[in-house]
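Heads up, the thing below is written out as structure tokens.
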Amino acid sequence: MLHAFLDLIFPRICAGCEQPLELNENQICTDCRFELPKTNSHILPDQQLVNKFAGRVNLKHTLSYLKFIKGGKVQNMMHELKYKGNQDVGEMLGRWYGADLRENGFSAEFDLILPVPLHKKRLLIRGYNQSDSFAKGLAESLGIEWKNDILKRGVETETQIKKSRIERYQNMQDVFFVDKPEGLSERKVVIVDDTLTTGATLESCVIALNDMGVKDISIIAIATAS
């Protein structure tokens, strides 16, 4: 009764369609959950996604949960996660995708999740790293470890929005470094990010990890823009 009363006063809104949630719904309404534009790249490789990294870095798996459509529900979810402090959305999407991956035999494909880090100044301003939320949800469903103190961002870059593909790659050169390489030996690492566009950020992370003795590297994004 208390929850119903509070919903009348302060209605909880779906992060996807921005409509009021029902009592038994959390963060994302049932309709939006079943209408999520999934890539299913863990079932059938998405060649367009794979081609973003082909010939540049070696990856074991290149995965993305959702398709990012401008003005769509996924963009609303990413906005909630990234700019409105709603970390629960990231965790929930991580748990959902982690469950899909587990059901398709991916639990043994990774043993360490590393979220793409924010620069310490941006982290101080925002108060959290949105990729940590996704990493936490994935780790929970897959039953593996995640750490946010190994991969670090040493350079505060300009925003990638409005930059060309070439400018994005130039902007991300030598941005990341590994702070604790002793924890990486023979690990099957997966790097996770919120939204993938050109792949420049994730590629820079992969390069930073390449000489650290890892067994293999994969990437997972919540959403990928065409």
Side-chain angles (χ1 to χ4, degrees), residues 12-17 21 25-43 46 49 59-69 72-118 123 126-151 153 187-197 199 201-202 205-206 209 217-225:
R12 297 173 303 120
I13 303 299
C14 172
C17 64
L21 291 166
E25 294 175 334
N26 183 28
Q27 302 300 329
I28 299 171
C29 72
T30 304
D31 287 344
C32 282
R33 178 173 184 179
F34 285 102
E35 292 171 2
L36 287 175
K38 297 181 180 180
T39 69
N40 289 320
S41 57
H42 60 293
I43 299 172
D46 183 331
L49 179 60
L59 296 170
K60 185 174 184 182
H61 298 291
T62 308
L63 305 171
S64 175
Y65 185 29
L66 305 171
K67 299 173 185 176
F68 184 97
I69 301 168
K73 295 179 179 180
V74 174
Q75 183 175 22
N76 291 340
M77 293 176 194
M78 295 299 97
H79 191 83
E80 278 282 324
L81 170 61
K82 201 167 182 177
Y83 302 112
K84 293 189 176 181
N86 193 345
Q87 298 177 69
D88 290 342
V89 170
E91 286 188 37
M92 178 170 289
L93 292 172
R95 287 194 298 271
W96 287 351
Y97 195 39
D100 286 352
L101 292 172
R102 186 182 66 243
E103 289 172 6
N104 285 273
F106 277 82
S107 292
E109 293 298 292
F110 325 116
D111 59 27
L112 178 63
I113 299 174
L114 301 181
V116 170
L118 291 179
L123 182 61
R126 185 173 294 170
Y128 66 97
N129 178 4
Q130 67 276 4
S131 295
D132 283 359
S133 306
F134 187 51
K136 182 178 179 180
L138 279 171
E140 183 180 321
S141 286
L142 289 169
I144 61 178
E145 184 180 22
W146 78 279
K147 287 183 172 290
N148 62 2
D149 61 351
I150 291 179
L151 190 59
R153 186 185 293 249
R187 302 298 292 272
K188 295 178 285 186
V189 176
V190 56
I191 309 168
V192 302
D193 201 2
D194 55 347
T195 307
L196 191 161
T197 48
T201 300
L202 284 162
C205 289
V206 173
L209 290 168
I217 304 174
S218 301
I219 61 164
I220 299 177
I222 299 179
T224 301

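Both backbone and side-chain heavy atoms feed into the values below; hydrogens, waters and symmetry mates do not.
The two residues A135 and I113 come nearest to each other via the heavy atoms CB-CG2, 3.7 Å. When all heavy atoms of P117 and N129 are compared, the pair lying nearest together is CA-ND2, 3.7 Å. Heavy-atom minimum distance, F134 versus A221: CE2-C, 4.0 Å. Across every non-hydrogen atom of L81 and Q87, the tightest pair is CD1-CA, 4.0 Å. Closest heavy-atom contact between S141 and A99: CB-N, 3.6 Å.
Between E25 and T30 the shortest side-chain heavy-atom distance falls below 4.5 Å. Side chains of L118 and R126 form a contact here, defined as non-hydrogen atoms less than 4.5 Å apart. Using a 4.5 Å cut-off on side-chain heavy atoms (C-beta onward), V190 and H61 make no contact. Using a 4.5 Å heavy-atom threshold, the side chains of I191 and V116 count as touching. Taking the side chain as every heavy atom from C-beta outward, L196 and I219 approach each other to under 4.5 Å. At least one side-chain heavy atom of V74 sits under 4.5 Å from a side-chain heavy atom of L66. Contact annotation: the side chain of T195 never approaches that of Q75 to less than 4.5 Å [non-hydrogen atoms, C-beta and beyond]. In this structure the side chain of L59 never reaches within 4.5 angstrom of the side chain of S218, judged on heavy atoms.
In this structure, D194 contributes its side chain and Q130 its backbone to no donor-acceptor pair below 3.5 Å. Remark: the backbone N or O of K188 is paired with a side-chain donor or acceptor of D111 at under 3.5 angstrom. Although no hydrogens or angles enter the test, the distance criterion places no donor-acceptor pair under 3.5 Å between the side chain of N40 and the main chain of I43.
Of the inter-residue distances, the one linking I13 atom CD1 with N76 atom CG reads 12.0 Å to the nearest 0.5 angstrom. Remark: E35 CD to C29 SG distance equals 7.5 Å, nearest 0.5 Å. For the atom pair C17 SG and K73 NZ, the distance stands at 5.5 Å (nearest 0.5 Å). One finds the CG atom of L21 at 9.0 Å from the SG atom of C32 (value rounded to the nearest 0.5 Å). Once rounded to the nearest 0.5 Å, the distance linking CG of N86 with OG of S133 reads 9.0 Å. Summarising the geometry, atom CG belonging to L142 is positioned 10.0 Å from atom CZ belonging to F106; distances are rounded to the nearest 0.5 Å.
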Starting from the C-alpha separation in whole Å, work towards a yes-or-no answer on salt bridge (charged side-chain N to carboxylate O under 4.0 Å, His left out) for E109 and R102. CA-CA 10 Å; E109 293 298 292; R102 186 182 66 243; over 6 Å; no
Run the side-chain contact (heavy atoms from CB on, under 4.5 Å) test on L101 and L63 for me, step by step, so that the C-alpha distance in whole Å, both residues' side-chain angles and the decisive distance to 0.1 Å come before the verdict. CA-CA 10 Å; L101 292 172; L63 305 171; 4.0 Å; yes
Checking side-chain contact (heavy atoms from CB on, under 4.5 Å) for the pair M77/I222: CA distance, chi angles, key distance, verdict? CA-CA 10 Å; M77 293 176 194; I222 299 179; over 6 Å; no
Evaluate the side-chain contact (heavy atoms from CB on, under 4.5 Å) criterion for residues L112 and K147: first the C-alpha distance (whole Å), next the side-chain angles of each, then the deciding distance (0.1 Å), finally the verdict. CA-CA 7 Å; L112 178 63; K147 287 183 172 290; 4.2 Å; yes
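Each of D193, I217, I220 was evaluated against L202; a single residue qualifies, D193, per the side chain to side chain contact (heavy atoms under 4.5 Å, CB included) test.
Under the salt bridge (Lys or Arg N to Asp or Glu O under 4.0 Å) criterion, the residue pairs touching residues 129-138 are E91-K136, with sequence neighbours excluded.
Qualifying side-chain contact (heavy atoms from CB on, under 4.5 Å) partners for E140, counting only residues two or more places apart in sequence or in other chains: R95. Residues passing the ring pair (Phe, Tyr, Trp, His ring centres under 6.0 Å) test with Y97, sequence neighbours excluded: H42, Y65.
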